[in-house]
Amino acid sequence: MNSSSNGNNAPDHIEIRGARVHNLKNIDLDIPLGKLVGVAGVSGSGKSSLALGVLYAEGSRRYLEALSAYTRRRMTQAAEAKIDSIEYIPAALALHQRPAVSGVRSTFGTSTELLNPLRLMFSRLGSHRCPNGHMLPPSLNVAAERPLQCPTCGVRFDGPSAESFSFNSQGACRTCSGTGVVRAVDETTLVPDETLSIDEGAVAPWNSLMWSLMTDVCREMGVRTDVPFSELTEREREIVFHGPAEKKHILYKAKKTNQAGELDFTYFNAVYTVENALEKVKDEKGMKRVEKFLKQDVCPDCGGTRLCEQARSTLLCGKNLAETTAMTLDALIPWVKAVPAAMPEELRDVAESIKNQFIHTAKRLTDLGLGYLSLDRAGYTLSTGERQRVQLARAVRNRTTGVLYVLDEPSIGLHPSNVDGLLGVVDDLIAHGNSVVLIDHDVRVLKASHWLIEMGPGAGEHGGRVLSQGTVEDVSKSPNSLIARFLTDDEDTVIRKRIDPKAMFEHGHIKLNTDPLHTVRALRLDLPKGRLTAVTGVSGSGKTTLILESLLPALKAQIDEKPLPAHVRSVEAPEIGRVNLIDATPIGVNVRSTVATYSGILDDLRRLYAAVPEAKANGYKVSDFSYNTGSLRCPGCDGTGQITMDVQFLPDVNIICPDCGGSRYMKEAEKICYRSPKAAQDSPGVSLPELMGMTVEQALEFLKDVKKIRDRLQVLADLGLGYLTLGESTPALSGGEAQRLKLAAEMGKAQNDAVFVFDEPTIGLHPLDVQVLIGVFQRLIENGATVIVIEHDLDMIANADYVLDMGPGGGEAGGQIVAVGTPSEIANDPQSLTGKYLSKIVKDENNREY
């Protein structure tokens, strides 16, 4: 880019100079404004550091600096980025890869705000019920704020406002307070072990929620407390669970003082004990003590609709609000479109205006493949990909201008058929005068960029540089680019030798027979044992229900010899003894979990360093080298490597511990150094704090003579994780990194009895990383494992031996097995939507060798 402004003297690009955030190597960049800028690179190459750590951090921080200190302290602010300068950066918004999970009161309708125009429709256009139960025809009076008068009984009353239909406000069901569920005591939890007697603590809530002397009162109620609970009569059990609140005179002995006494005490049965404790809960800690005895049931008054009877009484075109929100968005759109024509002439303009508001938002959501969701779907049940698309659609609806949007892998969870919708949303943002910087690995998304920046060449210390930049054509011709061959379609994406279709089931079958569940029909499943199977289909087509809610628990039940899930008729999986779900959930909950601790390498390292002569001379044991509890952990940060600073009006800031420099260990630990037996006598060696700062690859080279540790490190390197440092915090790892780290313990074992299920394992992976992962799956299969992947990535699907495609649509339009077979068979199947996109990269089955 040659100039900093266009003909109107307005800047046309952002100027970054000397960026050093995380692993960025003092880079200079000019990034176009008003364009779609794609950021590519392998995992850990510095993409997020550039897009989120520099552009979003500075764009949001500088905007917030214009606000008052009082306002700023109530908002989450990014720390100032480590850069020399950044110019012409707009106010920035980030749409993160993992949006926060919604609370219990959130639904798909509230989070998309589609419920707002729908509630307005019912308020302004609905047929309302008078206090005496008569229905009134639609009237302009509600919009004009005039009272309504019932033509049947003459009573006058105020029409309901939009808030009267809100389950978070006036329209909430009184019984469940608008949540749709009520908590009730789960009697199956009250006596978890019936081999115990009541004296031995069989009645769990009396132990944790009530005085132990309730056992004495129970005895006075006529219940034997010295026999196993299983031997009690029905009458005795009824007294324990539901007995009356009678007052009994008891003798008791205090446990601590051993003093005896007498008192009158009212009997609290087991159920009432829990109900009483729930009523008195004041904090989260108290709720945790009670909730293990509770179950959630659908509210008996509102039937789970969250709405009070009055809110449910208004009808619009023959339906109430609860009935419309239970419809999928695909079904609701034509219903809403038909409302204006059904209204009296004087209400049609109002109806048309509200309809247009609804349809504008709804269209973007259906473009993004969310048409299968109903508005009453609980927000916390939405997947990560669904939540991300909701926030993306909301950003477009707001019609902002002059904003920099930073999108972190928005194609996650998208079927190839929905990528076009995503690009349409991005086009809208740009058309409204915004700029978009988009981190992604999907080649179709990167190809749509006006400008492409590729970071690399490797990860961690091996990354942080600009490999190539320019138009897609420029980058595709760059000799330094790693993504170029994927942009030009020169790369053969099928890299593993797939099985001959005739031999597909030679190792056996895994069969499942189910009844309907959710929107999935009754299915018969037959998968090949010892092969790589991809389960595909649009979002909401039933992949998760079939594999994670049906096949996975059915296999576990068979292995553990327990009853099958209620909807599973039968499962046949001969010689399967283990089933492993490897998903992308974060590893660990805080910074104390690191690559070294999770992989077990730190335990071996502690033993190694405890055997060093200097350690023995100082009396150090293996336990002393733990940064969590050992005597050598840094006292300044308590072994976390960082401290939190309270900066008054600014948000708390985490900084590297000044005492240990982030190593987690005190200075004494640096004096204990390990030297390879083959190293020179004057070699200084390496301390454990230094080693924790090394990457897996560096540690592998240093410890190549220590077989057990070397083997563990080699597995991590083979999984493509060689760039991670041993001390890297595991909660901060990407979904793909977390999946591969979870796999580390399984590699190299005989897996003939194992089934591995992967839920979208390519999330966050560069096409080169996908090839590494395919190699990992091949190793598992060579060791006898059966590998099942739920997947949207076409490269992964093309490398599968067998594909099972769900659909044809999402929600009620899905739930069926559309096609099964080899990738080529799926590609040639006109019934398969996945096959339409797969056909572009899969060659004819007959044109390759097995």
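These numbers come from the heavy atoms of this one structure, side chains and all, not from hydrogens, waters or symmetry mates. We count residues from 1, following the sequence as given.
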Handout entry: Close side-chain approach of Leu487 to Leu452, heavy-atom, < 4.5 Å
Key = yes
Problem - Worked verdict on Thr629 versus Ser623 for side chain to side chain contact (heavy atoms under 4.5 Å, CB included) - result: CA-CA 8 Å; Thr629 59; Ser623 59; 5.9 Å; no
Problem - Pair listing, ring-ring contact (aromatic ring centres under 6.0 Å, His included) test, anchored in residues 608-635, at least two apart - result: none
Practice task
State whether the number of non-hydrogen atoms from other residues, nucleotides or ligands found under 6.0 Å of Lys25 atom NZ is greater than 12.
Solution key: yes
Problem - Chi angles and distances behind the side chain to side chain contact (heavy atoms under 4.5 Å, CB included) call for Arg531, Phe505 - result: CA-CA 9 Å; Arg531 307 295 183 209; Phe505 289 90; over 6 Å; no
Problem - Euclidean distance, Arg465 CZ relative to Asn23 CG, rounded to 0.5 Å - result: 9.5 Å
Problem - Any side-chain donor near an acceptor of the partner, Arg496 and Asn799, under 3.5 Å - result: no
Handout entry: Asp624 and Lys621 ion-paired at < 4.0 Å
Key = no
Completion exercise
By side chain to side chain donor-acceptor pair (under 3.5 Å), Thr762 pairs with (sequence neighbours left out) Glu791
Handout entry: Which atom of Ser687 lies closest to which atom of Ala669, heavy atoms considered
Key = CB-O, 3.7 Å
Fill in the blank from the handout: Sequence neighbours excluded, the answer for side chain to side chain donor-acceptor pair (under 3.5 Å) partners of Arg606 is Asp603
Handout entry: Qualifying salt bridge (charged side-chain N to carboxylate O under 4.0 Å, His left out) pairs, either residue in residues 688-700, two or more places apart
Key = none
Exercise for the section: Using only heavy-atom distances, determine whether the side chains of Glu614 and Asn618 contain a donor-acceptor pair under 3.5 Å. Expected result: no
Problem - salt_bridge(Asp753, Arg578) N-O dist < 4.0 Å - result: yes
Using a 3.5 Å cut-off and no angle test, enumerate the donor-acceptor pairs between side-chain atoms of residues 779-789 and protein atoms at least two apart in sequence or in another chain.
from: Glu782; atom 1: OE2; to: Gln778; atom 2: NE2; distance (Å): 3.3
from: Asn783; atom 1: ND2; to: Arg779; atom 2: O; distance (Å): 3.2
from: Thr786; atom 1: OG1; to: Gly530; atom 2: N; distance (Å): 2.7

Problem - Pairing residues for Tyr665 by the ring pair (Phe, Tyr, Trp, His ring centres under 6.0 Å) criterion, not counting sequence neighbours - result: none
Exercise for the section: Quick one: do Lys742 and Asp583 satisfy salt bridge (Lys or Arg N to Asp or Glu O under 4.0 Å)? Show the steps, please. Expected result: CA-CA 9 Å; Lys742 292 174 186 177; Asp583 59 15; 2.9 Å; yes
Problem - Thr536 side chain to Asp805 side chain, donor-acceptor N/O pair below 3.5 angstrom - result: yes
Handout entry: Salt-bridge contact Lys47-Glu454 (side-chain N to carboxylate O under 4.0 Å)
Key = no
Handout entry: Reference residue Leu726; test side chain to side chain contact (heavy atoms under 4.5 Å, CB included); the match among Leu605, Thr695, Leu688
Key = Leu605
